[in-house]
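The basis for the numbers below is simple: all heavy atoms, side chains too, and nothing from hydrogens, waters or symmetry mates.
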Amino acid sequence: MALYLSRLELQARVHAGKEVEQWMGHADEGDYTVIKWLCLAPEDGHQYSVNYLESFDEGDENWQLVPEFSLLDPDAEERAAFDSVEEAVAYAVQIYGASPDRFVPGGMLAQEYARYWQGKNASAK
């Protein structure tokens, strides 16, 4: 199970120059499955970005690094920049349906994917 950050921890991490991520789910598209997630990160010059990403579900029980999966459309970057972490989180909540209480530290999205992967493969048996 992933370690979700409190709102205070989320703000502190991003202010300290670290990324946070949120698993936004998946969508079955017939021949393939799309994985969706957000990344909230500090930018140069006291700004904070929200990046919404979609990739093909290429993982398995041994490879679960979602940011390394092939992007669904590499040219369709959905990114917005803000002057505060609070504005960035509010945008993620309003536009993408993110939960301010379900962000994980950068690099831990693999744990969220692992839980999804185990669930989908348990139900397929």
Side-chain angles (χ1 to χ4, degrees):
M1 185 173 206
L3 170 67
Y4 297 115
L5 299 169
S6 71
R7 293 177 193 205
L8 187 58
E9 290 170 325
L10 181 154
Q11 291 177 9
R13 286 188 71 80
V14 177
H15 282 293
K18 300 180 188 295
E19 293 182 354
V20 296
E21 300 166 322
Q22 187 168 137
W23 172 262
M24 298 301 295
H26 71 283
D28 292 317
E29 300 292 336
D31 295 352
Y32 58 92
T33 300
V34 176
I35 302 300
K36 305 172 184 185
W37 79 99
L38 289 172
C39 179
L40 196 155
E43 295 280 314
D44 293 333
H46 305 294
Q47 284 203 320
Y48 306 92
S49 67
V50 174
N51 294 300
Y52 173 77
L53 302 138
E54 293 184 343
S55 64
F56 292 100
D57 181 0
E58 299 173 325
D60 60 30
E61 66 181 307
N62 298 313
W63 188 47
Q64 300 177 340
L65 297 175
V66 175
E68 293 184 9
F69 294 176
S70 301
L71 292 175
L72 189 61
D73 183 354
D75 297 326
E77 180 180 9
E78 291 188 37
R79 181 186 165 282
F82 301 91
D83 292 328
S84 73
V85 175
E86 297 79 12
E87 288 175 304
V89 171
Y91 176 83
V93 169
Q94 182 179 14
I95 300 301
Y96 299 111
S99 171
D101 300 316
R102 295 196 50 100
F103 281 93
V104 296
M108 293 188 67
L109 194 61
Q111 290 183 2
E112 293 281 81
Y113 179 82
R115 185 170 47 178
Y116 150 77
W117 192 86
Q118 289 167 353
K120 96 175 168 175
N121 286 297
S123 63
K125 292 180 181 179

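- Of all heavy-atom pairs spanning G106 and R13, the tightest one is N-NH2, 4.3 Å.
- With no hydrogens or angles considered, a side-chain donor-acceptor pair links D83 and Q47 at under 3.5 Å.
- E29 CD to F56 CZ: the interatomic distance, rounded to the nearest 0.5 Å, is 9.5 Å.
- Residues I95 and L40 are members of one and the same hydrophobic cluster, defined by side-chain heavy-atom contacts under 4.5 angstrom among Ile, Leu, Val, Met, Phe, Trp and Tyr.
- Remark: E58 CD to Y32 OH distance equals 12.5 Å, nearest 0.5 Å.
- Between the side chain of E21 and the backbone N or O of W37, no donor-acceptor pair lies under 3.5 Å.
- Scanning all heavy atoms of the two residues, the minimum distance from A88 to V50 falls at O-CG2, 3.4 Å.
- Shown here for L53 and C39, the closest heavy-atom pair between the two residues is CD1-CB, 4.5 Å.
- Residues D60 and Y113 come closest through the heavy atom pair N-OH, 4.2 Å.
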>> Between M108 and L3, does the side-chain contact (heavy atoms from CB on, under 4.5 Å) criterion hold? Intermediate values first, please.
In response: CA-CA 8 Å; M108 293 188 67; L3 170 67; 4.1 Å; yes
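- Checked by atom type and distance alone, the side chain of E87 pairs as donor or acceptor with a backbone atom of S84 at under 3.5 Å.
- V20 and W23 fall into different hydrophobic clusters, where Ile, Leu, Val, Met, Phe, Trp and Tyr residues are linked whenever their side-chain heavy atoms come under 4.5 Å apart, directly or through other members.
- Atoms CZ and CE, on R102 and M24 in that order, are 10.0 Å from each other to the nearest 0.5 Å.
- For the atom pair OG (S49) and CG (L38), the distance works out to 10.5 Å, reported to the nearest 0.5 Å.
- Interatomic distance, D57 CG to F69 CZ, rounded to the nearest 0.5 Å: 6.0 Å.
- Side-chain polar atoms of Y4 and Q22 form no donor-acceptor pair below 3.5 angstrom.
- For the atom pair H26 NE2 and T33 OG1, the distance stands at 6.5 Å (nearest 0.5 Å).
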